[in-house]
*Asks:* 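Quick one: this structure, given as structure tokens, is what I'll be asking you about.
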Amino acid sequence: MRQEAASLVVTQEDACHRRLDSPASSEEDEDGEGNAMPPSACAILLRREGVAAAGEELLLVPPLNFAMVDHGVYRSGFPDVSNLPFLESLRLRSVLCLCPEAYPEANLEFLRAHRIRLFQFGIAGSKEPFVNIPEDTIREALNVVLDVRNHPVLIHCKRGKHRTGCVVGCLRKLQRWCLTSIFDEYQRFAAAKTRVSDLRFMELFDISSINHLPASFTC
């Protein structure tokens, strides 16, 4: 059962320091992706309906590198337990995970409780020059994203940079974005961890065999 309806309020102070569409880069972890909290992880207040103005307010924290991709489509790094209240506010129907590891039980319990479907397409994290991006897997993931019955949907990998960036970049090709804009968006999330192999993959990705873009997507 979903909790009662709620409205999101971004505090002015947080908005000045952090933007929902701005990623960050920092320290390197085992698969070459940063692990610091990005500017996108701004503090958001959830004010529940029926609670007095002087009543309780719940602080919501988006996952690492969270951003809106399009209407009903979001991207981020791997959500942890502290991010689950924020995900609840999105009223997700599905989550698309690009990591091969078993999904954490706490996350699974949250998905079950809110009747959110999990799609998992495991792509191993790796560093250049040993990067293998399986084109068939990216196509399968895109088909999930393009199916509006799965919306709202959250796409995530470990840090929301490389694997997620490739899926979003290929979606942008379907939206007829120019390569310069596609690469710019990818680099804003990957920053210093930008991979030439990812850029090459997006450039060469063939969209001709993918279903037409649903009308709900912007072009």
Side-chain angles (χ1 to χ4, degrees), residues 18-44 60-90 92 94-101 103-104 106-107 110-111 116 118-128 131 133-134 137-138 140-142 144-145 150-172 175 177 181-195 197-199 201-202:
R18 297 172 175 179
R19 297 182 47 153
L20 285 178
D21 59 355
S22 292
S25 63
S26 65
E27 302 174 6
E28 185 176 1
D29 63 10
E30 63 271 15
D31 66 357
E33 299 183 343
N35 58 4
M37 187 63 67
S40 64
C42 64
I44 297 181
L60 300 185
V61 181
L64 183 74
N65 273 335
F66 175 83
M68 183 175 182
V69 176
D70 205 295
H71 179 71
V73 181
Y74 305 95
R75 64 178 292 169
S76 76
F78 211 114
D80 61 27
V81 174
S82 68
N83 306 135
L84 298 183
F86 176 83
L87 296 189
E88 181 183 354
S89 73
L90 300 179
L92 297 173
S94 56
V95 168
L96 194 160
C97 175
L98 300 170
C99 300
E101 296 81 12
Y103 218 60
N107 293 51
F110 170 80
L111 298 185
I116 300 171
L118 174 64
F119 295 90
Q120 189 161 10
F121 299 96
I123 302 175
S126 56
K127 295 182 182 180
E128 289 186 313
V131 177
I133 307 171
T137 303
I138 296 295
E140 292 178 21
L142 280 174
V144 171
V145 176
N150 297 323
H151 294 183
V153 57
L154 172 69
I155 310 166
H156 78 80
C157 54
K158 185 173 184 181
R159 301 295 177 186
K161 296 181 178 182
H162 304 122
R163 289 166 282 190
T164 298
C166 284
V167 170
V168 173
C170 292
L171 173 63
R172 297 308 191 192
Q175 293 178 294
W177 282 31
S181 296
I182 293 172
F183 290 171
D184 177 68
E185 180 179 43
Y186 169 89
Q187 290 166 341
R188 284 193 294 112
F189 287 86
K193 304 301 180 181
T194 293
R195 293 175 175 172
S197 56
D198 288 349
L199 301 179
F201 176 84
M202 290 183 283

*Asks:* With under 30° as parallel and over 60° as perpendicular, where do the rings of Phe78 and His156 fit, or are they tilted in between?
*Replies:*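 Phe78 vs His156 ring planes: perpendicular.
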*Asks:* To check you understand the geometry: which heavy-atom pair defines the closest contact between Arg75 and Gly160, and what is its length?
*Replies:* NH2-O, 3.0 Å
*Asks:* Got Phe66 and Leu90 here, is their nearest side-chain heavy-atom distance under 4.5 Å?
*Replies:* yes
*Asks:* Give the minimum heavy-atom separation between Phe86 and Val61, together with the two atoms involved.
*Replies:* CB-O, 3.6 Å
*Asks:* Minimum heavy-atom separation for Ala106 to Leu84, with atom names?
*Replies:*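 Taking Ala106 first and Leu84 second, the nearest heavy atoms are O-CD1, 4.2 Å.
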*Asks:* Do Gln187 and Leu199 come within less than 4.5 Å of each other through their side chains, counting heavy atoms only?
*Replies:*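 In contact.
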*Asks:* Are Ile138 and Ile123 close enough that some pair of their side-chain heavy atoms sits under 4.5 Å apart?
*Replies:*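 Side-chain contact under 4.5 Å: yes.
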*Asks:* Tell me, with the steps shown, if Arg163 and Cys99 meet side chain to side chain contact (heavy atoms under 4.5 Å, CB included).
*Replies:* CA-CA 9 Å; Arg163 289 166 282 190; Cys99 300; 4.2 Å; yes
*Asks:* For Glu88 and Leu60: C-alpha separation, side-chain torsions, deciding distance, then whether side chain to side chain contact (heavy atoms under 4.5 Å, CB included) applies.
*Replies:* CA-CA 10 Å; Glu88 181 183 354; Leu60 300 185; over 6 Å; no
*Asks:* Counting only N and O atoms by type, is there a donor-acceptor contact under 3.5 Å from the side chain of His162 to the main-chain atoms of Lys193?
*Replies:* yes
*Asks:* At their closest point, which heavy atom of Asp198 faces which heavy atom of Tyr186, and how far apart are they?
*Replies:*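 Closest approach of Asp198 to Tyr186, heavy atoms only: OD2-OH, 2.5 Å.
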*Asks:* Would you check if the side chain of Asn65 reaches a backbone N or O of Gly77 as a donor-acceptor pair within less than 3.5 Å?
*Replies:* no
*Asks:* Can you find a pair of side-chain heavy atoms, one from Phe201 and one from Ile133, that are under 4.5 Å apart?
*Replies:* yes
*Asks:* For Ser94 and Asn150, work out which heavy atoms get closest and say how close.
*Replies:*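 That closest heavy-atom pairing would be OG-O, 2.5 Å.
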*Asks:* Got a second to check how far Leu96's CG is from Phe119's CZ, nearest 0.5 Å?
*Replies:*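 Rounded to the nearest 0.5 Å, the CG-CZ separation comes out at 7.5 Å.
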*Asks:* Under the criterion side chain to side chain contact (heavy atoms under 4.5 Å, CB included), which of Ser76, Pro79, Pro62 is the partner of Leu87?
*Replies:*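 Running side chain to side chain contact (heavy atoms under 4.5 Å, CB included) over Ser76, Pro79, Pro62 with Leu87 returns exactly one hit, Pro79.
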*Asks:* Just by distance, do the side chain of His151 and the backbone of Leu92 share a donor-acceptor pair under 3.5 Å?
*Replies:* no
*Asks:* Would you check, one step at a time, whether the test side chain to side chain contact (heavy atoms under 4.5 Å, CB included) holds for Val95 with Tyr103?
*Replies:* CA-CA 11 Å; Val95 168; Tyr103 218 60; 3.5 Å; yes
*Asks:* Please report the interatomic distance CG(Leu154) to OG1(Thr164), rounded to the nearest 0.5 Å.
*Replies:* 8.5 Å
*Asks:* Checking Arg188 against Phe183: charged group under 6.0 Å from the ring centre and within 45 degrees of the axis?
*Replies:* no
*Asks:* Return the CE to OH distance between Met68 and Tyr74, rounded to the nearest 0.5 Å.
*Replies:*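 Atom-to-atom, Met68:CE and Tyr74:OH are 5.0 Å apart.
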*Asks:* Is a donor on one side and an acceptor on the other found under 3.5 Å between the side chain of Gln120 and the backbone of Glu101?
*Replies:*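 The answer is yes, because a donor-acceptor pair under 3.5 Å joins these two groups.
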*Asks:* Decide yes or no on side chain to side chain contact (heavy atoms under 4.5 Å, CB included) for Val73 and Ile155, but give the supporting numbers first.
*Replies:* CA-CA 8 Å; Val73 181; Ile155 310 166; 3.9 Å; yes
